[in-house]
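Read the structure below first, then the notes.
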Amino acid sequence: MSENAPIVIIGTGLSGYSLAREIRKQDKEVPVLMITADDGHSYSKPMLSTGFTKGKTADELAQSDAAGMTEQLNIELRTHTTVTGIDPDNQCVLIGDERLPYSKLVLAWGADVIRIPLEGDGQEFVYSINDLMDYRAFRGTLQGQSRVAIMGAGLIGCEFANDLRNGGYEVDVIAPSDTAMPGLVPPVAGHAVVNALKGEGVRFHLETVVEHIAHQGDGVRLTLANGETVDADRVISAVGLRPRVELAEAAGLAVGRGIQVNRQLQTSADNIYALGDCAEVDGHVLLYVLPLMACSRALAKTLTGTPTDVAYGVMPVMVKTPCCPTAVCPPAPEAEGEWEVEQDGNNVRALFKDAEGNILGFAVTGDYALEKQALAKQVPPIHS
Ligand code: FAD
């Protein structure tokens with residue numbers, strides 16, 4: 001029965017829709033059923049942290065609705081439908097009591113936002129923005145408000161800080177680290193971004209955390225571990241993402257930091273594949289667009305009869321902080337070497353070099369961000 005069943009893709013984010021597009025390049029007819037918990041709008045998630053600068057509503061950021069995507073991709077699409085389980089032995093997806101057979105199943109169901117437990121009665125004012133519906137809700141609640149506090153100084157926290165400042169909001173950033181984007185860029189580059197954001201009027205409260213959030217007027221008062229208080233109308237929690245692995249784990253699939261797949265994007269179960277924010281591809285958990293595009297191209301070929309390994313090249317990440325443009329290509333975790341830094345104010349060129357002087361990674365900010373392409377050519381690809 002499952003041989004005549006469709007390819008089922010769970011998730012209509014960039015991974016799900018990119019894969020469907022790539023499948024159609026290979027095969028115009030093979031039946032594809034997509035299932036999504038959301039409304040199925042197609043949108044570019046990176047644009048969510050540029051929406052206040054550009055004055056874009058959620059509808060303006062959406063590229064197409066579910067009906068448009070169904071027609072464009074010649075697929076069947078079920079929206080507002082949450083998959084509740086997988087039965088790999090019988091090749092079925094479970095939606096409550098309903099059982100849907102698949103010939104091949106692709107998990108493209110993304111990552112969950114990490115929520116930190118907070119004391120106090122102001123929780124309802126805390127928002128996370130990880131999809132278009134979140135963005136719609138946040139934009140709606142911000143009508144008539146002027147002050148936003150952001151928990152987290154990672155890539156997403158910094159991008160929203162810059163974007164909301166550009167949109168005319170007062171912004172406070174609270175984070176336990178002593179600089180921006182620890183773990184992604186070396187401290188010298190993080191400091192440049194913090195300095196530039198401060199120059200735009202963003203207030204930073206570093207090396208501390210929010211301990212308590214209480215109603216205060218129409219907004220909230222945040223009490224920090226260092227004793228300071230911050231008053232805000234709304235709060236963004238941007239403390240990180242965690243690949244969605246629970247349903248996969250419950251179905252007996254191998255999981256680590258993400259759903260583990262090999263270079264053909266195959267999980268430990270026959271005929272089940274994964275890509276995007278939920279996947280750990282050959283040991284790499286990379287929650288960015290370039291990796292998922294590479295995966296969707298390779299997986300489409302595999303699913304249509306030509307088994308193909310994904311090959312990760314050099315994939316620099318651009319941080320959308322226009323006050324201090326930043327590009328980073330982190331060295332592999334096991335890489336041995338040292339950061340070599342040149343700095344002129346907020347312009348930083350940090351090159352991670354091995355003992356022979358080879359560049360294994362880089363972070364460039366400000367004017368040096370223009371060197372991104374040239375540097376990327378010198379860094380070895382992830383898969384050589
Ligand atoms: P998602 O977009 O999260 O899609 C998951 C899909 O699965 C959704 O349709 C959801 O409804 C569905 N789903 C989940 N669970 C179920 C279920 N049980 N049943 C049915 N459906 C389910 N990356 C970059 O490279 N550059 C950037 O500049 C950049 N900027 C970013 C800015 C922001 C604000 C954010 C949040 C991320 C940014 N990223 C950026 C990361 C990048 O956008 C993501 O890596 C990418 O969009 C993930 O796509 P995805 O399809 O894997 O997951």
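Whatever order the structure lists them in is the order used to number ligands and atoms, beginning at 1. We use all heavy atoms of the structure for the numbers below, so side chains are in, but hydrogens, waters and symmetry mates are not.
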In terms of side-chain heavy atoms, does [X] have a donor or acceptor partner in [Y] at a distance below 3.5 Å?
X	Y	answer
N358	D354	yes
T53	D163	yes
Y17	R21	no
T12	D38	yes
N130	K45	yes

May I ask you to list the atoms of ligand 1 that are less than 4.0 angstrom from any heavy atom of [X]?
X	answer
T82	18 (N), 19 (N)
G11	6 (C), 7 (O), 9 (O), 12 (C)
G110	3 (O), 5 (C), 53 (O)
N130	36 (C)
I129	36 (C)
L292	46 (C), 48 (C), 49 (O)
G276	52 (O)
I156	33 (C), 35 (C), 36 (C), 37 (C)

Have a look at L287, L14, D38 and point out the one with the heavy atom closest to atom 8 (C) of ligand 1.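 Selected option, by shortest heavy-atom distance: D38.
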
Heavy-atom nearest neighbour of atom 19 (N) of ligand 1 within options V93, V83, V289: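 Looking at heavy atoms only, V83 sits closest to atom 19 (N) of ligand 1.
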
Polar-atom distance check: [X] versus ligand 1, any N or O pair below 3.5 Å?
X	result
S15	yes
C278	no
Y43	no

Tell me the protein heavy atom at minimum distance from [atom], and give that distance in Å.
atom	value
atom 15 (N) of ligand 1	W109 CB, 3.6 Å
atom 43 (O) of ligand 1	K45 CB, 3.3 Å
atom 4 (O) of ligand 1	G13 CA, 3.6 Å

Salt bridge check, K320 against E159: does any charged N sit closer than 4.0 Å to a carboxylate O?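 A salt bridge is present here (some side-chain N lies under 4.0 Å from a carboxylate O).
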
Centre of Y312's six-membered ring, under 6.0 Å away, within 45 degrees of the axis: is that where NZ or CZ of R263 sits?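 R263 over Y312 ring: no.
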
